[in-house]
Structure formats: C-alpha cells, structure tokens
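Order of appearance sets the numbers: ligands from 1, and atoms from 1 within every ligand. Hydrogens, waters and symmetry mates are skipped; everything else that's a heavy atom, side chains included, is used. Heads up: numbering here begins at 1 and tracks the sequence.
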Amino acid sequence: MEKAMIIINPTSGKEQGTSCIEQLKKQLAHYEVTVCETQKEGDATDFAKEACKQQLDLVVLVGGDGTVHEGINGLAEQTYRPKVGVVPLGTVNDFARALSIPLDVEGAIACIGGPSVEVDIGKLNGRYFTNVVAIGSLPDSVGNVSSEQKSMLGSLAYAWEGTKAAFQHETYSFDIDADGQQFSEESLLVLVALTNSVGGMSTIADQAAVDDGYLHGFVVKSGSVLTIAKLMTKIAAGTFRDDKDVHAFRAHQMTINGPSDIQLNVDGDMMEHLPAHFSILPKHITVYGKRQ
Ligand SMILES: Nc1ncnc2c1ncn2[C@@H]1O[C@H](COP(=O)(O)OP(=O)(O)OP(=O)(O)O)[C@@H](O)[C@H]1O
C-alpha cells in the first residue's frame, strides 16, 4: 500500500485545516495516511524531511504559502522526494494559483492524484523558495501585516500596508549580478519570481512558468508616488514589465547586494538578509496541479 503524510497548519487562513482531514482521507483511500499538525514555525520542514526519510509516496501540504514554503524546504535537499499535493488555506496562495490548483478545499483535494508538474525550486542563500522573493521598503512594510490583520482583512491588509509604503517611497541602492551581467539600481522594490503568481496577481511575472528553469527579476527603478500609481495601473492592464521604470530580466543565477539591514520577504514571510545569492533547481519537485 502506498503511504502519504498530511501536514496541516491548524492556524492557517480561517483555521479550517483540521476540518478537511476527513475529506482528504477519502481522496487518499488507497494510501496509508499519517496526519501531522504543525505546532510552530519549522515543524512542516521537519515533518517533510521525515517523509523523505521514510520514503513516503505523497506529502500533502495543507495551509498557506508559509506552510508550502516550509514543507518544500524539508523536501528540497533530500535525494528521495515524495510527490506533493497542496490544499491552499492562506490569504494569497501563490503556489496553488501558479499551478491552477482550485482555491476551494474540495476542488484542491480532488486535484490530488490527477495531472502533475515537475516544478522549479529556487535556492536563496541556504534556503529554498517556491514563489517569490521581494526586497526593498515596500515588502518590508507588507511583511509587517499581522495575522490579526490578515484574518480580518485578507489581502486588503497587504494592499493597505503596500500603499502606506508607497507614500513613504524610500529607495535603496542595489548591485545586481544576473548570469554575469552586472548593474546597479536605485529602487523601491526588487522581485525575484519563479511563477506567474506574485501576491495573488498574475500580471507582474506573467512570463514566468513553474518549470522554465529561470529566475525572473524585476526592479522598480524609481520610487515616486506617481510612478507607483502608474505601475499599479500597468499591473492591472498586464503591461507592467514593458514600463520604462521597470527593469525586467531573467537568469539562472543572481546575486543581489544592498543594505544588509533590510530583510527579504520570501514566499510571504520576512527572513534572510542581503547579500542574496540565488540559483535554481530545475524541475525538482513533482506537484499535483497543472502548468499554465
Ligand atoms: N500551530 C501553529 N501556530 C502558530 N504558527 C504556526 C503553527 N504552525 C505553523 N505556524 C507558522 O505559521 C506560518 C504561516 O502559515 P501559513 O502561511 O500556512 O498560513 P497563513 O499565515 O494563514 O497564510 P497567509 O500567509 O497566506 O495568510 C508558517 O510559516 C509557520 O511557521
């Protein structure tokens, strides 16, 4: 009999994680299932490592992008890696969006066992990421959204903090090396995306596919309020990357240097500092979902 581990963050989203276990167990009827509830930061990583050690066939990550991030960090370095299913319960759920996994619990559970994709995983210094790394004063403010704000306001909480930061328009100097090409920019926001879903929006890194083997970089060159307002409309119109104030590039390896005191927003949570060394593990993990 095949073996599966369900890793659930019971505090994710509107805290409906534990109520979907029975539904999941029905979908996984032909698996011997172990359920692991996370109690704190790092648990999902440890559980996922254990699943590799036991050579399980499937790991289902139930939670927001933070839980997916932690679970993938447990799998990425192991030689044997189970297939992955995702039941998105967070506010944004970029990884599920990028893989066309339905955002409702029933739809997401029904995907497990269907088509799958071998997705790229990003490496940032000593850790791994699945979606996007954001650097600058804008992600710094958005990273301060509290879990109470998220529960009450959902993605509006991010929009509110982002707008406040745009009005403060503090920029930083960044030195970037992308596959040997070097440049410096004064910027409010630098993004390194792996997928076409960034903060729930599909119009920023629209050309990024989950398995194209590239890191997709974007530098917002100037930080004035007017620039930000213009870029917001360009994001809505799907023409962000073509704007003269956006430097879009792609690479297999990148190094970004700048002030060492600003933290990076990695898959939605604040961690790591500059300098940031990026590389890519192509088609590294098989996930139930669809390539767009
Ligand atoms: N039992 C727990 N209590 C508190 N925090 C936890 C627990 N289990 C895991 N965590 C932490 O919660 C973080 C956020 O989890 P996750 O992203 O799944 O949910 P979320 O915050 O609701 O989602 P989103 O960020 O999309 O709103 C994880 O990175 C993890 O470190």
Side-chain angles (χ1 to χ4, degrees), residues 5-21 24 34-51 59-76 84-99 101-105 107-109 121-122 124-134 138-162 191 193-202 204 263-272 287 289:
M5 178 186 281
I6 299 172
I7 302 176
I8 287 200
N9 177 354
T11 66
S12 247
K14 297 195 170 64
E15 304 188 2
Q16 75 266 51
T18 39
S19 66
C20 71
I21 292 178
L24 252 172
T34 312
V35 179
C36 300
E37 266 193 33
T38 59
Q39 307 289 325
K40 58 182 186 318
E41 190 182 336
D43 282 357
T45 303
D46 293 341
F47 290 140
K49 272 187 194 159
E50 186 57 31
V59 167
V60 183
L61 300 168
V62 186
D65 284 323
T67 300
V68 172
H69 172 92
E70 288 194 11
I72 295 295
N73 267 274
L75 303 178
V84 172
V86 175
V87 180
L89 298 182
T91 317
V92 178
N93 304 308
D94 273 331
F95 194 60
R97 287 173 194 270
L99 284 161
I101 295 170
L103 300 182
D104 65 288
V105 168
I109 290 175
I121 300 298
L124 159 63
N125 298 340
R127 68 166 52 247
Y128 300 89
F129 66 101
T130 54
N131 294 306
V132 62
V133 177
L138 190 62
D140 218 15
S141 322
V142 174
N144 292 330
V145 174
S146 67
S147 45
E148 289 76 25
Q149 274 177 301
K150 279 196 275 185
S151 294
M152 269 167 50
L153 298 170
S155 46
L156 268 183
Y158 290 108
W160 169 244
E161 289 302 326
L191 293 172
L194 279 183
T195 75
N196 74 342
S197 187
V198 172
M201 292 174 279
S202 58
I204 294 178
Q263 260 197 316
L264 280 53
N265 186 306
V266 183
D267 289 340
D269 284 307
M270 303 308 285
M271 55 188 86
E272 296 288 331
V287 185

Visitor: Provide the number and element of each atom of ligand 1 under 4.0 Å from a heavy atom of G63.
Guide: 18 (O)
Visitor: Side chains of I109 and V87: does their closest heavy-atom pair fall under 4.5 Å?
Guide: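 The answer is yes, as the side chains (C-beta and beyond) meet within the 4.5 Å cut-off.
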Visitor: May I ask you to list the atoms of ligand 1 that are less than 4.0 angstrom from any heavy atom of E41?
Guide: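 Answer, ordered by atom number: 31 (O).
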Visitor: Do any N/O atoms on G66 end up under 3.5 angstrom from N/O atoms on ligand 1?
Guide: yes
Visitor: Taking N or O atoms only and a 3.5 Å limit, does N93 qualify as a polar contact for ligand 1?
Guide: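 There is no such contact.
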Visitor: Tell me the nearest of D65, V68, T38, D269 to atom 9 (C) of ligand 1, using heavy-atom distances.
Guide: T38
Visitor: G90 versus ligand 1: do any nitrogen or oxygen atoms come within less than 3.5 Å of each other?
Guide: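 G90 vs ligand 1: no N/O contact under 3.5 Å.
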Visitor: Under a 4.0 Å heavy-atom limit, does E70 contact ligand 1 with its side chain, its backbone, both, or neither?
Guide: side chain
Visitor: Under 4.0 Å, heavy atoms only, figure out whether ligand 1 is touched by the backbone of L89, its side chain, both or neither.
Guide: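 The answer is neither; L89 stays 4.0 Å or more away.
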Visitor: Just how far is it from atom CG of L89 to atom CD1 of I8, taken to the nearest 0.5 Å?
Guide: 7.5 Å
Visitor: Could you work out, with side chain to side chain donor-acceptor pair (under 3.5 Å) as the rule, every residue matching T130, not counting sequence neighbours?
Guide: D267
Visitor: For the backbone of G64 and the side chain of S12, can you confirm whether one donor and one acceptor N or O come within less than 3.5 Å of each other?
Guide: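 Yes; judged by distance alone, with no hydrogens or angles, the pair exists.
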Visitor: Determine whether R97 and S202 make a side-chain contact, defined as any pair of heavy atoms from C-beta on separated by less than 4.5 Å.
Guide: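 Result no, sub-4.5 Å side-chain heavy-atom pair not found.
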Visitor: Taking only non-hydrogen atoms of V92, do any sit less than 4.0 angstrom from ligand 1?
Guide: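 Yes.
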Visitor: Would you compute the distance between atom CG of L264 and atom CE of M271 and round it to the nearest 0.5 angstrom?
Guide: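 These two atoms lie 9.5 Å from each other.
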Visitor: Hey, which atoms in ligand 1 end up nearer than 4.0 Å to a heavy atom of T11?
Guide: 1 (N), 2 (C), 3 (N), 4 (C), 5 (N), 6 (C), 7 (C)
Visitor: Using a strict 4.0 Å cut-off to heavy atoms of Q39, name the atoms of ligand 1 that fall inside it.
Guide: 1 (N), 2 (C), 3 (N), 7 (C)
Visitor: List for me each residue that meets side chain to side chain donor-acceptor pair (under 3.5 Å) alongside N125, sequence neighbours excluded, and say none if there are none.
Guide: E272
Visitor: Using a 4.5 Å cut-off on heavy atoms from C-beta on, say whether the side chain of I204 contacts that of L191.
Guide: yes
